[in-house]
Structure formats: structure tokens, C-alpha cells
Amino acid sequence: MNQAAAGPLEGIRVVERSAGVAAAAAGRLLAAMGAEVVLAEDPAGTPLRREPPFIGPGISALFAYLAAGKRSVVVDGATALHRLADGADILIDDTPVEDRVALGLDPAAVRRRYPRIVHVSVLPFGASGPKAGWRGEEVNLIHASGEGYLLPNGLSVELFPDRPPLKIHGHFACWQAGVAAVLGALSALWSSTGQFVDISVQDAALAVGAFAIQRLGDGEVEHRTTRSFRFGGVIECRDGYVELLTLEDRQWQGLVKLMGDPDWAADPALADPVSRSAKGKEINARIRAWALQHPVAELVARAQELGVPMGRYNTPAEILAGPHENARGIFAPVAMLGLGPVPVLSAPVRFGPDALPLRRGPPDLGADQRLLAQPAAEVA
Amino acid sequence: MAGPLAGVRIADFTVHAAGPFCTHMLAQLGAEVIKVESAQRPDIFRKPHPVYGRLGAATFDQVASAKLSVRLNLKHPRGIELAKHLVAQSDIAAESFRPGVMTRLGLGYDALRAVKQDIVMLSVSASGQSGPDSHFAGYAPLFGAWGGLGWLTGYPDGPPVEMRHAMDHSVGLHAAMAAVAALHRRRRTGDGSHVDVCAREVAAAAAGDALIEAAAGGTPRRWGNAHPRMAPHGVYPARDPDSWLTIAVADERAWLGLLSVMGRRDLAGDPRFATEAARHAVRIALDAIVADWTRLQDAEEAAALLQQAGCAAHPSWDTPHIAADPHLRARAAIVDTTEPDGTMRAAVGVPVRLSATPPRGIWRGTPQLGEDEDRIFGDLLGLDVGARRSLEAEGAIL
């Protein structure tokens with residue numbers, strides 16, 4: 001394996017104790033970038049092994065995704081965990097604050113034992129502050145950080161104005177916290193100072209929601225019913241949906257051409273962006289009526305030729321079969337028990353022309369128990 | 001506070017949202033970020049933005065804050081020369097143009113490597129640096145659509161949902177992470193790298209489990225606010241107009257806690273709700289019972305009571321609630337910054353708390369265009385006043 005393919009974090013050792021998605025996502029990203037990540041599991045295994053959706057008897061798609069590339073060691077009690085953490089560069093832990101002292105996982109105890117380790121705590125609301133002890137699942141956290149309240153927007157809120165606001169699919173907020181945890185861990189490691197890194201899912205989701213706070217400072221309280229583009233957005237076609245967004249004048253001109261230069265679009269009142277915005281509702285009615293007559297594939301192909309930003313709302317199956325995705329090799333086939341090789345997205349970043357490899361599938365519980373018996377230096 | 005990345009210098013050619021958010025995060029962590037613009041091609045925050053009702057330049061722009069500013073005309077050969085001098089003094093060169101633009105400007109990876117052998121070039125784009133769609137332009141809603149997150153998000157009986165700025169900034173957060181990873185490789189091997197951050201792949205990565213489900217022959221579905229295991233789980237109406245309470249019952253402790261706070265411990269013995277699987281099977285009926293209670297509650301008070309009882313809950317917050325929250329402020333997740341006219345406004349901190357090398361944070365607001373040229377062109381690149389004046393006269397610094 002050449003340097004580029006090996007991943008930038010070759011040689012970095014990580015021990016991960018995770019029950020939730022955020023901490024597991026951090027370990028997963030580190031593993032994909034080449035770090036040696038050992039999942040330290042209780043004898044029952046991490047609860048993530050039991051989270052749906054399942055893709056076979058006892059095989060969680062969520063666990064398969066989050067644990068691909070990791071090793072698994074069962075640690076029964078604090079002593080085994082400490083043996084595993086000896087010599088590690090990074091320790092990731094999402095044990096609730098109240099349970100940490102008993103396990104020797106409070107910051108002071110970890111500091112005493114491993115002065116050089118980067119100790120990363122990943123919790124729903126962080127390890128400090130008035131809500132440090134609060135529980136939080138994805139639905140709570142995406143709404144505690146602002147984006148939930150602002151969703152859905154556009155067509156969906158137009159159709160269902162009275163429904164509760166909506167979370168983003170899956171574990172978006174927790175995933176951001178995983179990324180933030182890696183950013184924090186690698187930054188701490190860069191400073192060559194062993195320390196405690198305190199990551200909160202709420203903070204991370206709020207950070208990527210920065211624009212709504214920007215708008216607040218500008219004097220505008222964003223709301224899901226009003227943060228829609230005046231026209232475009234989610235558009236239904238004959239056989240699916242596209243996203244259409246024309247922010248620049250030339251993109252609007254391209255759209256007019258795409259629609260076949262209809263008479264209504266020649267109205268001089270639509271010539272400038274401001275008056276177009278004012279007539280957004282009428283324009284959108286026209287666009288929607290037109291798009292319903294056409295298949296997605298035809299529209300997106302021509303839109304790209306004309307410089308109109310338009311993209312298909314891809315289903316997961318369409319992404320798996322996507323020519324672009326496959327040309328970029330974003331899926332690595334990994335073995336899963338009883339299923340044979342399954343394509344798994346390795347990582348959304350790369351460090352050269354080639355996608356990062358995934359070195360192995362999700363580990364069986366305790367598959368790497370031998371690591372407990374070895375001195376740290378021999379672990380590879 | 002210098003931050004963990006003190007000493008790292010970044011030549012920042014990024015524009016719009018995703019790229020600048022990346023370098024803004026790195027700036028808060030202590031990197032010296034030198035934002036490159038020109039009066040001819042200023043970044044969007046220096047221009048009116050009619051879509052958001054802004055008629056002039058922004059007085060504060062989150063993603064431009066904590067950075068230094070210089071002017072460089074990248075359409076001028078001597079502007080390019082100067083850009084290379086800047087890169088030669090930097091650890092990272094970050095950009096977010098369409099793939100191919102930097103190469104056309106004479107600032108492609110090979111050209112940058114020629115002036116700085118171990119440079120980390122960070123490219124952030126809609127569809128990545130390679131592949132048949134790499135030339136596609138895109139905004140956050142398109143990344144979300146291409147990457148599957150848009151299709152998977154929504155009410156189960158409704159259309160897909162458009163992703164907005166959170167998608168852009170997620171791309172930026174991933175890019176910041178990758179940049180520091182590339183620095184570690186350089187430290188270990190001496191090699192730089194060309195880091196390729198692809199926005200549609202960032203969207204797909206947030207739904208990686210759904211992709212596995214589909215690959216294994218399953219059919220991922222749109223769950224809305226429901227969950228494949230937990231029930232009750234969702235966003236419930238609270239007492240005040242447009243106020244909502246999120247509740248997620250993760251285990252038995254949370255279930256019994258919810259019942260006790262609702263004053264419905266009678267349901268604990270109800271065989272319809274005896275197990276998690278049983279509750280999930282009748283979740284619509286269960287949601288109605290929970291909503292009957294939440295409709296009478298203040299969302300804040302109910303959330304605090306539920307948390308005390310061991311059940312995950314939180315109100316759905318708008319931005320004024322977030323900006324005022326003592327918890328987020330105690331963590332510096334929300335910080336105050338000062339506008340040029342002295343008024344205070346809230347901004348978001350880097351979502352990383354470090355015990356030994358705390359982040360530098362937002363140490364300055366939005367720089368004026370070219371505000372730091374004395375320091376960068378003068379002190380760093382060693383150009384005297386005469387040289388700078390003549391570069392201005394010929395349009396290389398503009």
C-alpha cells in the first residue's frame with residue numbers, strides 16, 4: 001500500500017468506547033483516515049450492534065457503517081480498558097458524566113494515568129455546563145441546535161404547514177459531532193499536549209447551523225415557513241423530484257431556455273432579479289406545471305448543458321448505481337457475515353486521486369481479543 | 001489564547017459558504033488564515049444580497065471573521081506570482097472554486113508544490129476533483145439532493161426536503177478535519193497532499209447506513225420524526241403557538257420516567273405497551289396519548305421535568321432561544337462579538353473545547369478588504385512600500 005492510499009493517520013492509535021452514534025462516527029472517520037481504532041466493548045457488545053435498520057439476522061446497517069475498519073476487543077471492567085488504552089494516542093468516550101468516576105474515566109483519573117493522551121469526551125450536551133447531565137437522542141439534539149425548528153422548508157412546509165417541524169434523516173447532528181470530535185482530537189494531538197477534549201452534539205449541530213445565528217444578528221429570526229427561495233426548490237417531475245436553484249441572472253436565462261422559451265417568461269416584468277423574486281409564486285406555478293410533464297433524466301441532462309443548477313433527488317439505490325460515484329470509487333466492498341461483500345462508503349474526503357480504502361468490515365464482538373495480551377508497541 | 005493550531009498558516013482562496021466556514025473553524029483553533037480577495041472579485045459578504053434583504057456589505061460575516069485580509073488580482077500574472085509567494089510561506093492553501101479553475105489560474109496542485117514541496121492543498125467542491133460530474137456547479141440544496149440526504153428527509157407521505165446552509169457548513173467542518181489530518185501526515189512523512197472534499201459525498205456520508213441497507217437489498221424509507229426502534233419518539237405540540245417538544249424514549253427507564261411525568265403510570269401495566277417492540281408497533285396511538293399531554297405543557301418546563309425523570313427531551317428552539325441559552329454560552333458555543341459600531345451580536349464558537357490549548361475563538365470580526373497587507377505583504381513577504389505601490393499601479397494588488 002503506497003503512502004497516499006494508506007491514509008494520513010497511519011500510526012495513530014485510538015481506543016473508542018462508544019454507545020452512541022457521535023462517538024462511533026468519530027472513531028469511524030479516524031479509522032477511514034488510517035488510524036488504528038479499537039472498539040472497547042462491554043461483554044454484551046455496544047448497543048449500536050442492536051440498532052435498526054437490520055440487513056440480516058442480527059446485522060445492523062448502522063453498526064456496519066460506523067464500525068467498518070475498526071477492531072473489537074471485549075473489556076470486562078476498568079482494568080482491561082486501561083490495559084488497552086496504554087500507549088494509545090486518543091481515547092474517545094461517551095460514558096455519561098455520572099458514570100465516569102466508577103470506571104476511572106473521569107478527566108482527572110485519565111490525566112493521572114495517561115498524561116500524554118488526548119481524551120475526547122463526546123456527549124449529547126457536552127461534559128460541562130448546566131445541561132451536561134441531560135440525555136439526548138438525535139431528534140432532541142437537532143431541535144436543540146436550531147436546524148430542526150427550521151425544517152422542513154419549501155414545498156414540504158407548503159404542503160403541510162401545520163405539521164410539527166422535522167428532523168433531518170438519520171443522525172445528521174450526531175455525525176457533525178463525530179467530525180468535530182476528530183477535528184478536536186487531531187488539533188489537540190497537533191499541539192502535542194495531552195488534554196481533555198469536550199465535544200457536544202448540540203454545539204456541533206449549532207456550529208453548522210451558524211447561518212441562522214448570522215441572520216439573527218442581522219435582525220432576522222428565521223422560520224421554516226419563510227426561509228424558502230422565492231421560486232425553484234423541490235420540483236416534482238414526471239418520475240421523481242429535482243432541486244432547482246437559479247441565484248444568478250445567467251442561470252435564470254438558462255432556465256427559460258430549458259423550458260423552451262415560453263411566452264410568459266418573456267414578460268419584461270421578469271427581466272430583473274428583484275421583480276422576479278416578487279413574482280416568485282407565479283413563476284413557481286409555471287415551473288411546476290412544466291416539470292411535471294418531463295422525466296428527471298431529460299431535465300437534469302439539459303439543465304447542466306445550459307448551466308442551470310438542477311440535480312436529481314437521488315434515492316440510496318441511485319447513488320449506489322451512480323456513474324459519478326462509481327467513477328470516483330467512493331464505495332469499498334467489505335465483507336459482512338453471511339452477506340458477502342457489501343459496498344460501503346469509505347469517507348467523503350480523500351488525500352489524493354483515490355478514495356480512502358476501508359481495511360475491513362465491521363468486527364465481530366471480541367474479534368481482536370489478542371490485542372489485550374500484547375504489549376502496546378506490537379499492536380498493528 | 002493561541003489555540004492548538006497556533007503557527008499553522010493558511011493561504012485562503014475560498015469563497016461563499018463551505019470553504020470559508022472550513023478556514024474559519026481552523027482560524028478559531030488558532031491557525032493564521034489569510035483571506036485572498038480583490039476589489040474586482042470580492043466575496044459575497046462584501047456585496048448586497050437581495051435574497052436575504054441585505055442592501056450593502058455585511059458588517060459582520062461569521063465565516064469571514066477571525067481572518068486576515070489581503071487583496072490579490074488572480075487575473076494578473078504578478079498577482080499569481082504574489083499568490084505563489086504567499087503559498088510558499090504557508091502550510092495549507094485552501095480553495096473552493098470549480099475543479100480546474102485553480103489550474104487555469106496557474107495555481108494548481110503541481111504549481112503550488114513547485115513553490116512549497118510539502119504544501120497541503122485543500123480543495124472543496126460540489127462533486128469532487130474527478131469523475132464525470134466534477135464540473136457541475138452546485139449549492140447546498142443540490143449537494144443534499146445528489147447525496148441522498150434530501151430524498152431521505154421529509155414526512156413519509158410528502159416530498160423530499162431541501163438542505164440549506166447547515167449542509168454547506170457540514171462540508172466545511174469535514175474539510176477542516178481533513179486539513180488537520182493532512183498536517184499529521186506531513187509531520188509523519190514529510191509529504192504534502194491534495195485534499196479533495198466532495199460536498200455530495202459529505203451529504204451521502206451522513207446517510208451511510210441507508211446506503212448499506214439499500215446495497216444489501218433493503219428499501220430505506222423516509223422516517224420523518226419517527227425512529228426505527230424507539231417509541232414514543234418525535235416532535236410533539238406544546239402549549240404555546242408554534243412551540244414543540246421533542247421526546248425520545250430510548251429505554252425502560254425513559255419510558256417509566258415519561259409515564260410518571262405525564263401522570264400516566266397506569267399505562268406501565270398495559271400489555272399494549274409492555275415492551276419496546278410492542279410500543280413501536282402501536283406508536284401512532286401512543287403518539288396521540290403523549291400529544292394529549294404535551295398540548296397542555298410549557299415546552300421548557302416539560303423538558304426539564306422529563307430530563308429529571310431520565311427521559312431525553314428538549315424544546316424545538318428558534319434562534320433567539322439559542323442565542324440566549326446559558327448552557328451554550330457557558331460552553332462558548334454561543335459567543336458575543338462586537339460590530340464595528342460597537343453593538344454586540346451573537347456568533348457561534350468552534351464546537352471543540354480543549355483543556356490545555358483552548359481555541360483562540362473569534363478574536364476579530366470581519367476584516368476590511370486588504371486590512372492586513374502591511375503585515376502580510378510587508379512583514380511576511382518582505383515587499384517594501386515602493387514595490388507594493390507599483391504592484392497596485394499595475395493592477396496586481398487591487
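In what follows, chains are A, B, ... by sequence order, proteins preceding strands, each numbered from 1. Note: hydrogens, waters and symmetry copies are ignored here, and every other heavy atom, side chains too, is used.
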Who wins among V352(B), I334(B), T337(B) for the most heavy-atom pairs under 4.5 Å with chain A?
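Looking at each of V352(B), I334(B), T337(B) in turn, V352(B) comes out on top.
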
Would you verify whether the NZ or CZ of R312(A) falls within 45 degrees of the ring axis of W146(B) while also being under 6.0 Å from that six-membered ring's centre?
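Not satisfied by the 6.0 Å and 45° rule.
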
Are Q195(A) and T357(B) linked by a side-chain donor-acceptor pair shorter than 3.5 Å?
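Yes, T357(B) and Q195(A) have a side-chain donor paired with an acceptor closer than 3.5 Å.
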
Modelled atom types, side-chain donor and acceptor of T153(B) and H169(A), under 3.5 Å:
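Checked: T153(B)/H169(A) side chains show no N/O donor-acceptor pair below 3.5 Å.
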
Can [X] and [Y] be counted as an ion pair, charged N to O under 4.0 angstrom?
X	Y	answer
E10(A)	R188(B)	no
E147(A)	R164(B)	no
D251(B)	R135(A)	yes

For chain B, which candidate among [options] shows the most heavy-atom pairs at distances under 4.5 Å?
options	answer
A61(A), G126(A), A327(A)	A61(A)
D203(A), N140(A), I168(A)	N140(A)
G129(A), P130(A), G329(A), A205(A)	P130(A)

Heavy atoms, side chains only, cut-off 4.5 Å: are W190(A) and P4(B) in contact?
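Answer no - side chains too far apart.
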
With the side chain counted from C-beta on, respond yes when S192(A) and R187(B) share a heavy-atom pair under 4.5 Å apart, and no when they do not.
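Heavy-atom side-chain distance check passes, below 4.5 Å.
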
Step by step, work out the side-chain contact (heavy atoms from CB on, under 4.5 Å) result for V234(A) and V161(B).
CA-CA 7 Å; V234(A) 180; V161(B) 168; 6.0 Å; no

Where is the tightest heavy-atom contact between V349(A) and H174(B), given as atom of each residue plus distance?
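Result for this residue pair: CG1-O, 4.1 Å.
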
Proximity breakdown for P315(B) and chain A, heavy-atom pairs closer than 4.5 Å
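Contact with chain A involves the backbone of P315(B) alone.
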
Contact class of E325(A) relative to chain B, heavy atoms under 4.5 angstrom
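Contact with chain B involves the side chain of E325(A) alone.
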
Between CZ of F136(B) and CD of Q304(A), what distance do you get to the nearest 0.5 Å?
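Rounded to the nearest 0.5 Å, the CZ-CD separation comes to 3.5 Å.
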
Can you tell me how far NE2 of H324(A) sits from CZ of R200(B), rounded to the nearest 0.5 angstrom?
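It is 4.5 Å, given to the nearest 0.5 Å.
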
Test side-chain hydrogen bond (donor to acceptor under 3.5 Å, both in side chains) applied to S128(A) and R331(B), step by step:
CA-CA 7 Å; S128(A) 68; R331(B) 298 182 54 76; 3.3 Å; yes

Begin with the C-alpha distance, continue with both residues' side-chain angles, and end with the deciding distance and a verdict on side-chain contact (heavy atoms from CB on, under 4.5 Å) for E162(B) and L245(A).
CA-CA 11 Å; E162(B) 186 180 76; L245(A) 191 50; 5.5 Å; no

The test is ring pair (Phe, Tyr, Trp, His ring centres under 6.0 Å); show your working for Y149(A) and H321(B) and say whether it passes.
CA-CA 11 Å; Y149(A) 184 78; H321(B) 276 93; 8.5 Å; no

